[in-house]
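Reading through the structure tokens given below for one structure.
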Amino acid sequence: MILLSFITTTLLIAGCSSSKDIQDFSIEEISLKEAKKITSEQGYTLKSETLTESDIMIGDSNVFDFIKEASIEGGYSKDDFDSITEDRKIVGYELEEKSKIDEPIMLCMVIDQGKVIGAYLEYAGYMPGFGPINSKENFK
């Protein structure tokens with residue numbers, strides 16, 4: 001009986017762990033696919049196909065408004081942002097391209113419920129530092 005309880009608990013823990021890994025893998029897979037699509041369309045180059053950053057998106061800040069505006073200007077749906085859930089994440093990839101002030105440029109995707117609902121460029125050293133994916137005005 002004790003052995004059966006141990007095996008059941010071990011399987012439960014392993015099952016929970018692997019579903020999280022699958023979810024994280026899906027986010028990486030979804031974001032990389034979108035990043036490759038954007039870089040192909042815009043003529044950018046990914047520095048690496050590995051996520052450079054990943055964070056939870058805060059929905060009640062001024063930063064959210066900049067991200068939303070840049071994403072919509074870049075061709076994403078306003079409706080997706082208006083119905084955003086708590087299951088949202090931002091993932092980013094550094095581009096080979098640099099800004100006019102020779103700082104990194106990040107290509108960031110907003111993912112909600114397993115779908116990319118927005119994307120924007122993030123410029124280090126700029127305020128506010130967010131721009132649509134199709135804007136190259138701050139590029140070197």
Could you check if a side-chain atom of [X] sits within less than 4.5 angstrom of a side-chain atom of [Y], using non-hydrogen atoms only?
{"X": "E69", "Y": "E73", "result": "no"}
{"X": "I111", "Y": "V91", "result": "yes"}
{"X": "Y76", "Y": "V110", "result": "no"}
{"X": "K115", "Y": "I30", "result": "no"}
{"X": "T39", "Y": "Y93", "result": "no"}
{"X": "L46", "Y": "L95", "result": "yes"}
{"X": "Y126", "Y": "K100", "result": "yes"}
{"X": "K68", "Y": "K78", "result": "yes"}

If hydrophobic clusters are built by linking Ile, Leu, Val, Met, Phe, Trp and Tyr wherever their side-chain heavy atoms come under 4.5 Å apart, do I133 and I72 end up in the same one? no

ILVMFWY network linking M106 to I27, side-chain heavy atoms under 4.5 angstrom: no

Heavy-atom pair with the smallest gap, counting every atom of [X] and [Y]:
{"X": "P132", "Y": "G74", "value": "CB-N, 3.9 Å"}
{"X": "M109", "Y": "A35", "value": "CE-CB, 3.7 Å"}
{"X": "S99", "Y": "Y123", "value": "CB-CD2, 4.3 Å"}
{"X": "S135", "Y": "Y44", "value": "O-OH, 3.9 Å"}

To the nearest 0.5 Å, what is the distance between CZ (F66) and CD (E122)? 12.5 Å

Spacing of N138 atom CG and F130 atom CZ [to the nearest 0.5 Å]: 13.0 Å

Under 3.5 Å, is there a donor-acceptor pair between the side chain of K136 and the main chain of Q42? yes

Evaluate Y120 against I90 for side chain to side chain contact (heavy atoms under 4.5 Å, CB included), listing each step before the verdict. CA-CA 10 Å; Y120 61 95; I90 294 181; 3.5 Å; yes

Hey, which of E94, E96, E97 is the one that makes salt bridge (charged side-chain N to carboxylate O under 4.0 Å, His left out) with K47? E94

Are there over 12 heavy-atom neighbours, none belonging to F139, within less than 6.0 Å of that residue's CZ? yes

Just to verify, which of L121, N134, L107 counts as forming a side-chain contact (heavy atoms from CB on, under 4.5 Å) with I38? L107

